[in-house]
Visitor: 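Quick one: structure below, then a few questions.
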Amino acid sequence: MITLKKKFSDITNFVFNKKVIVRVDLNLPYFDGKISDFTRVEKILPTIDFLLKNQAKIILISHFGRPKSENKLEFSLDIIKEDVEKIFKKKILFCEDSLKTLKRDKIEKLFNSNDIILMENIRFYEEEAKNDEGFSKKIAGLGDIYINECFSGSHRAHSSIVGIPKFLPSFPGILLENEISNLKNLITSNNSSTIAVFGGSKISTKLKIVEFYLNKFSKVIFGGAMANTFLKAKNIEIGSSLYEKSMVKTAKQLIEKFSEKILLPEDVITEAKTSKDIEVKPLDKILKGDNILDIGPKTRLKFYNEIIKTDKLLWNGPLGYFEKKPFDEGTGFVVKAVKNNKNKNFFSVAGGGDTISLLKQVDAFQHFSFISTGGGAFLEFIRGDGLPGLDSLNE
Ligand code: 3PG
């Protein structure tokens, strides 16, 4: 398990007036010309504020989406600059210059009238994903210190994550430190009663973490389309619901091995394919044309009663088709158990993929001990593996 050798507080003595390259994650959810959630920006604010108070100059580097060369404009970080300025309450200069040719003198000149410079999407350079050494060195030459404030990108062995730290004194940001200490707490073993809640559509992409928590935690709840695959494995009719055919055999094996731990829906909310009628159904009443879109009331209560008495909880993924009302209600109800759990040492963490959006939608942020900004990075870290971006800070 990773322990960071350096702390953010280590930079206190020498950050004054320095040019600091801060790798952040401005990869925000963007639909119909609007950002739907700013959690990742809000969470890096303490680091930015600290640097500004210490009169440091900040070079922000981030990725945004997964651009291919033909759709560059759509992935320009210029799109979100103004929104970020509002959250920072500070003007940001967007610099379009190529990182491959940009000179330190130019950066110094820009810093005469700006404290924060945002560089264009780092994934516009093919050298980024290749962790090209020359590219990393060139970027490092623009600053004096490097800060990794991008936990959510730290599972990528990219130039701006693992390359630049080779050439500069490098430190974790405040958010990165918080992520690690909270997530470590989640995977540290003790004998308390522990529960993991997994939803979303695919078992295959989460199989390793599902197995990890089936081995480690007392109980594991499955909802969403993931649960449909388990129901299918139990030969239960799931109608035309989404499930993963290739994982049915694996699901069967997991049920056999962990029958005491696995908690599945006992009733569901279905939408009929043709009439679009929405109904509560016990499992033996599901018809061929039914589409399961949420957990039913009996299941909600069953999951609630398990969560309310647990000491430690991990949540990843929605329990139903939460984007469309009323199918967010099952997830919302079960989240109430997290809110109402009054155990003295109750520790709850949520993260990964869509989880931030879903918890925002059901207004549940404040009920969790910690919400991770990580998607893939969260899932990799909480199964006990290190992350390249964290290892590189220790080298
Ligand atoms: C994320 O959204 O999980 C991070 O920004 C990483 O994005 P990626 O999966 O495209 O590397």
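Note that ligands are numbered from 1 as they come in the structure, with each ligand's atoms numbered from 1 the same way.
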Visitor: Please could you name the atoms of ligand 1 that Gly375 approaches to less than 4.0 Å, counting only its heavy atoms?
Guide: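 Contacts of ligand 1 toward Gly375, numbered from 1: 3 (O).
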
Visitor: Considering the heavy atoms of Arg66, write down every atom of ligand 1 situated less than 4.0 Å from one of them.
Guide: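 By the 4.0 Å cutoff, the relevant atoms are 8 (P), 9 (O), 10 (O).
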
Visitor: So, are Glu85 and Lys91 salt-bridged, with charged N and O less than 4.0 Å apart?
Guide: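 Salt bridge: no.
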
Visitor: Parallel, tilted or perpendicular for Phe333 and Tyr304, by the 30°/60° rule?
Guide: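 Taking Tyr304 first and then Phe333, their aromatic rings sit tilted (interplane angle of 30° to 60°).
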
Visitor: Give the atom numbers and elements of ligand 1 that come within less than 4.0 Å of a heavy atom of Asn27.
Guide: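 Near Asn27, meaning under 4.0 Å from one of its heavy atoms, ligand 1 has 1 (C), 2 (O), 4 (C), 5 (O), 7 (O).
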
Visitor: Might you work through the side-chain hydrogen bond (donor to acceptor under 3.5 Å, both in side chains) test for Lys309 and Asn343, ending with a clear yes or no?
Guide: CA-CA 7 Å; Lys309 61 182 189 212; Asn343 287 349; over 6 Å; no

Visitor: Quick one: does His155 get an N or O within less than 3.5 Å of an N or O on ligand 1?
Guide: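 The answer is no, given that His155 and ligand 1 share no N or O pair closer than 3.5 Å.
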
Visitor: Look at atom 3 (O) of ligand 1 and say which protein heavy atom is nearest, naming residue and atom and giving the distance to 0.1 Å.
Guide: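 Closest protein heavy atom to atom 3 (O) of ligand 1: Arg40 NH2, 3.5 Å.
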
Visitor: Report, in ascending order of atom number, the atoms of ligand 1 lying under 4.0 Å from any heavy atom of Asp25.
Guide: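 So the answer, numbered in order with elements, is 4 (C), 5 (O).
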
Visitor: Looking only at protein heavy atoms, which one is nearest to atom 7 (O) of ligand 1, and what is the separation?
Guide: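 The answer is His63 NE2, 3.4 Å.
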
Visitor: Could you tell me whether Lys302 and Glu266 have a side-chain N and a carboxylate O separated by less than 4.0 Å?
Guide: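 Counted as a salt bridge, because a side-chain N and a carboxylate O are separated by less than 4.0 Å.
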
Visitor: Can you tell me if Ser152 contacts ligand 1 (heavy atom of the residue under 4.0 Å from the ligand)?
Guide: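 For ligand 1, residue contact (heavy atoms, under 4.0 Å) with Ser152 is present.
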
Visitor: Using salt bridge (Lys or Arg N to Asp or Glu O under 4.0 Å) as the criterion, point out the one residue from Arg123, Arg23, Arg66 that pairs with Glu128.
Guide: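 So the option named by the test is Arg23.
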
Visitor: Any atom of ligand 1 sitting under 4.0 Å from a heavy atom of Arg123?
Guide: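 Heavy atoms of Arg123 do come under 4.0 Å of ligand 1.
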
Visitor: Any idea how Phe135 and Tyr125 line up, ring-wise: parallel (<30°), tilted (30 to 60°), or perpendicular (>60°)?
Guide: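 Phe135 and Tyr125: tilted rings.
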
Visitor: Could you give the distance from CG (Asp10) to CD1 (Ile145), rounded to the nearest 0.5 Å?
Guide: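 One gets 11.0 Å once the value is rounded to the nearest 0.5 Å.
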
Visitor: Which atoms of ligand 1 sit under 4.0 Å from any heavy atom of Arg156?
Guide: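 Contacts of ligand 1 toward Arg156, numbered from 1: 8 (P), 9 (O), 11 (O).
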
